[in-house]
> 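Take a look at the following structure, please.
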Amino acid sequence: MNGTTTTLALKRDLLTGTEWSPKQLRSFFGLAADMKAHPDRYRNALAGSVFVLIFEKPSFRTRVTFETGIANLGGSSIFLDHTASRLSEREPVRDIAKNLERWVQGIIARVFAQETLEELAANANVPVINALSDKFHPCQVLADFFTLEERFGNLRGLKFAYVGDGNNMCHSLLNIGARVGAHVRVATPAGYEPDPAVVAEAKRAARETRAKIEIFCSPEEAVANAQAVYTDVWASMGQENEASAREVAFAGYQVNEAMLAHAAPDAVFMHCLPAHRGLEVSDGVIDSPRSIIYDQAENRLHVQKAILHTLLV
Ligand code: CP
Ligand code: NVA
């Protein structure tokens with residue numbers, strides 16, 4: 001173990017983002033900051049380890065940052081492109097897991113169904129990391145709150161607004177936002193609300209950290225005095241055939257200059273990317289000095305290195 005400042009006894013998967021307690025999250029962000037500041041101290045942390053990346057959906061950031069991060073830590077990776085066929089099409093997910101655990105040290109998977117991740121994790125005695133599912137995107141959101149902590153110094157009580165679809169991003173922002181003690185406000189059109197079970201779990205976690213979770217229909221109400229305003233695509237991967245219906249439903253939910261005028265004067269704009277300029281966000285906002293989208297993207301690398309370190313070293 002090279003230059004480690006924090007030792008965490010954690011469950012060895014990252015499937016939902018609810019695995020880690022608020023205290024563990026604090027230590028985790030400390031580790032990520034140390035790994036970002038001193039990358040050389042960690043360059044052999046995963047020497048000799050091999051990871052498999054299995055992706056049922058396209059990816060740019062997640063793939064490049066995981067492959068780069070693994071290489072930076074001395075490990076290597078194998079990319080399995082499953083975008084043309086579901087994982088279970090050729091053989092059961094259980095058999096894939098039971099093969100992989102004999103060969104590699106970890107599985108990083110982007111899947112359509114959260115259940116596929118659960119099945120991989122239940123059958124593989126090596127860590128499984130959620131690289132995005134229909135339900136959650138924890139790697140992205142850990143990087144997002146790390147980015148906010150760098151920017152604002154403290155996440156407790158941070159006024160955070162999410163405007164758009166009650167999707168995987170929204171779910172992870174709720175459950176991790178609650179655990180870091182933020183005040184998370186979500187606005188979605190009727191019919192596109194986040195899963196009530198995710199909201200209930202976030203509200204339960206919020207009681208421990210004094211976070212606040214509020215769900216609105218009105219984007220202006222959610223954005224009022226927010227320090228960070230986040231949005232995501234209106235049609236996620238796999239929902240392409242709903243795109244035009246969703247453009248109608250989400251018409252009043254674009255994050256533009258008029259919407260951002262309701263936020264705090266020092267508010268930042270955030271997006272996980274890829275973005276559709278002119279739909280969920282105006283060009284003027286995403287390309288403005290308030291936009292911290294490339295800081296978020298950079299921190300995917302550092303935070304995912306910390307995830308690998310936490311689960312494996
Ligand atoms: N934000 C994100 O996960 O990007 P990719 O889909 O390109 O991996
Ligand atoms: N909600 C988006 C996030 C992409 C990173 C999707 O699932 O396509």
Side-chain angles (χ1 to χ4, degrees), residues 14-17 51-70 77 79-83 86 108-117 129-148 162-177 186-189 192-195 198 228-243 245-247 249-250 253-255 269-277 279-281 286 291-305 307-308:
L14 179 63
L15 303 182
T16 64
F51 296 86
V52 71
L53 280 75
I54 318 179
F55 281 43
E56 289 184 325
K57 297 177 180 181
S59 170
F60 167 51
R61 274 152 293 276
T62 308
R63 178 180 177 180
V64 174
T65 51
F66 263 115
E67 292 202 18
T68 303
I70 289 165
S77 52
F79 185 77
L80 299 183
D81 183 351
H82 255 278
T83 52
R86 297 288 167 98
I108 297 157
R110 170 167 285 199
V111 297
F112 278 94
Q114 178 72 18
E115 293 71 28
T116 305
L117 289 170
I129 298 173
N130 181 351
L132 180 147
S133 70
D134 59 336
K135 251 340 230 315
F136 302 111
H137 196 3
C139 295
Q140 175 71 51
V141 172
L142 288 169
D144 294 337
F145 279 109
F146 178 76
T147 306
L148 283 168
Y162 172 86
V163 174
D165 189 19
N167 60 12
N168 45 8
M169 280 303 308
C170 179
H171 290 162
S172 286
L173 289 164
L174 281 166
N175 64 29
I176 297 175
V186 165
T188 69
Y192 295 95
E193 295 90 350
D195 180 342
V198 172
V229 179
Y230 203 117
T231 192
D232 182 21
V233 293
W234 292 339
S236 285
M237 290 180 275
Q239 298 172 333
E240 289 78 6
N241 61 354
E242 296 174 30
R246 283 171 172 262
E247 279 180 35
F250 286 81
Y253 289 75
Q254 184 187 73
V255 178
F269 170 76
M270 303 179 79
H271 195 305
C272 54
L273 304 179
H276 297 116
R277 287 168 168 80
L279 289 181
E280 75 271 10
V281 58
I286 196 168
S291 174
I292 57 168
I293 55 174
Y294 304 124
D295 295 335
Q296 294 173 255
E298 180 191 337
N299 283 331
R300 295 291 304 275
L301 173 66
H302 308 298
V303 163
Q304 286 164 194
K305 285 168 71 176
I307 292 170
L308 292 165

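Because the structure is a prediction, the values reported are computed rather than measured. In each ligand, atom 1 is the first atom listed, and ligand 1 is the first ligand listed.
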> For residues Val255 and His271, determine if any side-chain heavy atom of one lies less than 4.5 Å from a side-chain heavy atom of the other.
no
> Considering only heavy atoms of Leu273, which atoms of ligand 2 have at least one such atom less than 4.0 Å away?
5 (C)
> Counting each atom of ligand 2 from 1 as listed, which ones have a heavy atom of Leu132 under 4.0 Å away?
3 (C), 4 (C), 5 (C), 7 (O)
> Considering only heavy atoms of Asn168, which atoms of ligand 2 have at least one such atom less than 4.0 Å away?
1 (N), 2 (C), 6 (C), 7 (O)
> Taking side chain as C-beta onward, heavy atoms only, is Cys139 less than 4.5 Å from Ile307?
yes
> Purely on distance, is any nitrogen or oxygen of Met237 under 3.5 Å from one on ligand 2?
yes
> Please indicate whether any nitrogen or oxygen in Pro58 is less than 3.5 Å from any nitrogen or oxygen in ligand 1.
no
> With a 4.5 Å cut-off on side-chain heavy atoms, are Thr65 and Val303 touching?
no
> Run the ring-ring contact (aromatic ring centres under 6.0 Å, His included) check on Phe250 and Tyr192 step by step: do they pass?
CA-CA 9 Å; Phe250 286 81; Tyr192 295 95; 4.8 Å; yes
> May I ask you to check if ligand 1 and Leu273 share an N or O to N or O distance below 3.5 Å?
yes
> Run the contact test for Thr62 against ligand 2 with a 4.0 Å cut-off on heavy atoms, strictly below, and give the result.
no
> Counting heavy atoms only, which of Asp165, Asp232, Val233 comes nearest to atom 1 (N) of ligand 2?
Asp232
> Using the test side-chain contact (heavy atoms from CB on, under 4.5 Å), find all partners of His302 that sit at least two apart in sequence or belong to another chain.
Lys36, Glu298, Asn299
> To which protein heavy atom is atom 4 (O) of ligand 1 closest, and what is the distance rounded to 0.1 Å?
Arg61 NE, 2.9 Å
> Suppose we measure from atom 6 (O) of ligand 1 to each protein heavy atom; which comes out shortest, and what is that distance?
Arg110 NH1, 2.8 Å
> Taking side chain as C-beta onward, heavy atoms only, is Ile129 less than 4.5 Å from Leu308?
yes
> Assign the ring pair Tyr230 / Tyr162 to parallel, tilted or perpendicular, where the plane angle (0 to 90°) is split at 30° and 60°.
tilted
> Please check whether Cys272 reaches ligand 1 - meaning an N/O of the residue sits under 3.5 Å from an N/O of the ligand, judged on distance alone.
yes
> Given side chains that start at C-beta, do those of Lys135 and Val198 come closer than 4.5 Å, heavy atoms only?
yes
> Go through ligand 2 atom by atom and flag the ones less than 4.0 Å from a non-hydrogen atom of Asn167.
1 (N)
> Residue-level breakdown please: for Leu132 versus ligand 1, do any non-hydrogen atoms fall below 4.0 Å on the side chain, on the backbone, on both, or on neither?
neither
> Any N or O of His137 that comes nearer than 3.5 Å to an N or O of ligand 1?
yes
> Does an N or O from His137, backbone or side chain, lie closer than 3.5 Å to an N or O of ligand 2?
no
> Looking at every heavy atom in both His171 and Asp195, which two are closest together, and how far apart are they?
NE2-N, 3.0 Å
> Could you tell me which atoms of ligand 1, counted from 1 in the order shown, lie closer than 4.0 angstrom to a heavy atom of Arg300?
1 (N), 2 (C), 3 (O)
> Could you find the nearest protein heavy atom to atom 7 (O) of ligand 1 and give me its residue, atom name and distance?
Phe60 N, 2.8 Å
> Heavy-atom distance under 4.5 Å between the side chains of His137 and Thr62, does that happen here?
yes
> Using a distance-only test with no angle check, is there a side-chain donor-acceptor pair under 3.5 angstrom linking Thr231 and Glu280?
no
